[in-house]
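Worksheet: one structure, shown below.
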Amino acid sequence: MSPAPLVEVDRLWRVFDVSGPWLNRVLERRPRLFLTAVADVSFAIGRRETFALVGESGSGKSTIAKIIVGLLPPSEGDVRIDGISMSSPEARKKRADLRRRIQMIFQDPYASLNPRWRVDRIIAEPLRAFGLMRDRKDIEGRVAELLELVGLDPSDGHKYPHEFSGGQRQRIAIARALAANPEFIVCDEPTSALDVSVQAQILNLMRDLQDQLGLTYLFISHNLAVVRHMATRIGVLYLGRLVEVAPSRELFSNPRHPYTRMLLDAVPDLEMTGRVRRPVEGEIPNPINPPKGCGFHPRCPYQNERCRRETPILSEENGRLVACHGVAEARI
């Protein structure tokens with residue numbers, strides 16, 4: 001019997017009201033406008049696993065991340081951490097413990113660090129906030145350990161964030177996340193603001209920390225080369241919906257959904273295999289007024305009448321999940 005997953009996302013929806021002010025709508029006779037950022041998304045993340053969400057900008061990746069860590073409430077659906085629903089009375093009683101067990105690494109390390117605080121105070125803040133340590137000497141010792149753990153010198157704790165490079169600042173952000181002894185870390189494009197050479201260092205650090213501390217990651221990125229290096233399983237998002245979920249190796253070797261194929265064809269072919277490639281064409285439709293049926297059909301070379309009128313359901317196909325009429329009908 002396989003162990004229960006650490007994180008379960010169940011039929012998650014998030015709808016934003018983007019209407020103008022009430023008086024303007026009345027005078028101009030305009031209806032209310034709603035933007036569906038996340039639509040009926042479900043997945044689970046096992047312990048010590050790295051589950052990646054990929055997709056173009058505007059596909060709903062960061063919105064899902066913020067819902068999971070509690071920065072945004074869902075419109076519908078539920079998130080369970082170790083079997084505890086985040087919206088249940090039990091979760092409200094154990095909110096401090098759940099918040100300690102879930103941490104987040106943000107995209108821009110400089111924007112996520114307080115420029116007025118020294119690094120030692122930034123890293124020590126979770127220790128004080130969660131009451132993990134109270135003695136000053138114990139806190140100083142723990143901060144020094146965390147700095148060494150992420151490849152920095154303990155003396156760096158006396159500096160301010162502006163005195164570090166981008167890669168060093170992201171190491172500080174990782175040390176701050178680790179200070180609370182979390183089990184689950186949401187990584188929202190943690191390397192997209194860094195140089196390519198520095199990206200590799202940060203990614204290798206995160207993998208080493210996962211092996212050493214038994215961490216579970218939700219890794220969000222639009223860079224498929226990064227995802228291939230990090231992820232155990234990958235979920236592909238399009239217009240707020242999951243269109244394919246598969247183990248990393250299988251998804252890269254045999255993508256099934258047309259959108260996944262287009263994303264992979266946009267990655268430079270460093271091995272120069274010579275295979276025919278089809279670059280990503282068009283743009284994500286307006287999520288305020290999405291197309292009927294399959295959201296990808298205006299850009300899909302395999303679309304037919306059913307695709308234009310019926311939304312495909314994420315269903316199992318050879319041990320993986322795919323939401324595509326063409327795959328279900330064996331046309332692809």
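As the structure is a prediction and not an experimental result, all values here were calculated from the model.
- Between the side chains of Thr50 and Gln210, a donor-acceptor pair is found at a separation under 3.5 Å.
- The neighbour count for Arg11 CZ, taken as heavy atoms of other residues, nucleotides or ligands under 6.0 Å away, does not exceed 12.
- A salt bridge between Arg169 and Asp108 is absent, with no side-chain N of the basic residue lying under 4.0 Å from a carboxylate O of the acidic one.
- We find the CG-CG distance between Leu203 and Asp208 to be 11.0 Å, quoted to the nearest 0.5 Å.
- Both Ile64 and Leu314 are part of a single hydrophobic cluster, where members link through side-chain heavy atoms under 4.5 Å apart.
- Remark: Arg118 fails to qualify as a cation-pi partner of Tyr160 under the 6.0 Å distance and 45° angle criteria applied to the six-membered ring.
- To the nearest 0.5 angstrom, Thr232 atom OG1 is 5.0 Å from Glu49 atom CD.
- Using modelled atom types, one finds a donor on one side chain and an acceptor on the other under 3.5 Å when comparing Arg308 with Gln303.
- The salt bridge (charged side-chain N to carboxylate O under 4.0 Å, His left out) check on Lys159 picks up Asp156, with sequence neighbours excluded.
- In the hydrophobic clustering of this structure, Phe34 does not group with Ile288; members are Ile, Leu, Val, Met, Phe, Trp, Tyr whose side-chain heavy atoms approach within less than 4.5 Å, directly or through other members.
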### Task
Go through the steps for Ser197 and Asp195 under the test side-chain hydrogen bond (donor to acceptor under 3.5 Å, both in side chains), then give the verdict.
CA-CA 6 Å; Ser197 59; Asp195 293 338; 5.4 Å; no
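- Distance check: Leu251 CG to Ile234 CD1 gives 5.0 Å after rounding to the nearest 0.5 Å.
- Salt bridge Asp120/Arg142: absent, no basic N to carboxylate O contact under 4.0 Å.
- The closest side-chain donor-acceptor pair between Glu189 and Ser221, if any, does not fall under 3.5 angstrom.
- Side-chain contact annotation: Asn304 with His297, donor-acceptor N/O pair under 3.5 Å absent.
- Ion pair Arg121/Glu125 not flagged as a salt bridge, since none of the NZ, NE, NH1 or NH2 atoms sits closer than 4.0 Å to an Asp/Glu carboxylate oxygen.
- Under 4.0 Å is where a charged nitrogen must lie from a carboxylate oxygen, and between Arg99 and Glu183 no such pair does.
- Taken from CG in Leu239 to OG1 in Thr36, the straight-line distance is 8.5 Å, to the nearest 0.5 Å.
- Other residues, nucleotides and ligands place more than 12 heavy atoms under 6.0 Å from the CG atom of Asp17.
- Distance check, rounded to the nearest 0.5 Å: CG of Leu113 to CD1 of Ile123 gives 9.0 Å.
- By the neighbour-count criterion of 12 heavy atoms within 6.0 Å, atom CD1 of Ile313 is sparsely surrounded, having that number or fewer from other residues, nucleotides or ligands.
- Exactly one of Pro74, Ser42, Ser85 qualifies for a side-chain contact (heavy atoms from CB on, under 4.5 Å) with Asp10. That residue is Ser42.
- Taking CD from Gln103 and CG from Leu178, the interatomic distance works out to 9.0 Å, rounded to the nearest 0.5 Å.
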### Task
For the pair Glu244 and Arg256, evaluate salt bridge (charged side-chain N to carboxylate O under 4.0 Å, His left out) and give the outcome as yes or no after the intermediate values.
CA-CA 8 Å; Glu244 185 166 3; Arg256 300 293 290 134; over 6 Å; no
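- Other cluster members for Val26: Trp22, Leu23, Leu27, joined by side-chain heavy-atom distances under 4.5 Å among Ile, Leu, Val, Met, Phe, Trp and Tyr.
- Salt-bridge annotation for Glu140 and Lys137: absent, with no side-chain N of the basic residue lying under 4.0 Å from a carboxylate O of the acidic one.
- Residues Pro285 and Pro291 are in side-chain contact: their nearest non-hydrogen atoms beyond the backbone lie under 4.5 Å apart.
- Under the 6.0 Å distance and 45° angle rule, Arg128 does not count as a cation-pi partner of Phe130.
- Crowding of Arg249 atom CZ: a count of heavy atoms from other residues, nucleotides or ligands under 6.0 Å not exceeding 12.
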### Query
Is there a salt bridge (charged side-chain N to carboxylate O under 4.0 Å, His left out) between Asp82 and Arg101 once you walk through the steps?
CA-CA 10 Å; Asp82 203 8; Arg101 297 170 67 186; 2.8 Å; yes
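- For the residue pair Glu329 and Tyr302, no side-chain donor N or O sits within less than 3.5 Å of a side-chain acceptor on the partner.
- The shortest distance between side-chain heavy atoms of Lys292 and Arg309 does not fall below 4.5 Å.
- If you look at Tyr217 and Phe51, their ring centroids are not closer than 6.0 Å.
- For the side-chain contact (heavy atoms from CB on, under 4.5 Å) with Val9, the lone residue among Leu242, Ile68, Val38 that qualifies is Ile68.
- Annotation for Arg116: atom CZ does not count as buried by contact number, only 12 or fewer foreign heavy atoms lying within 6.0 Å.
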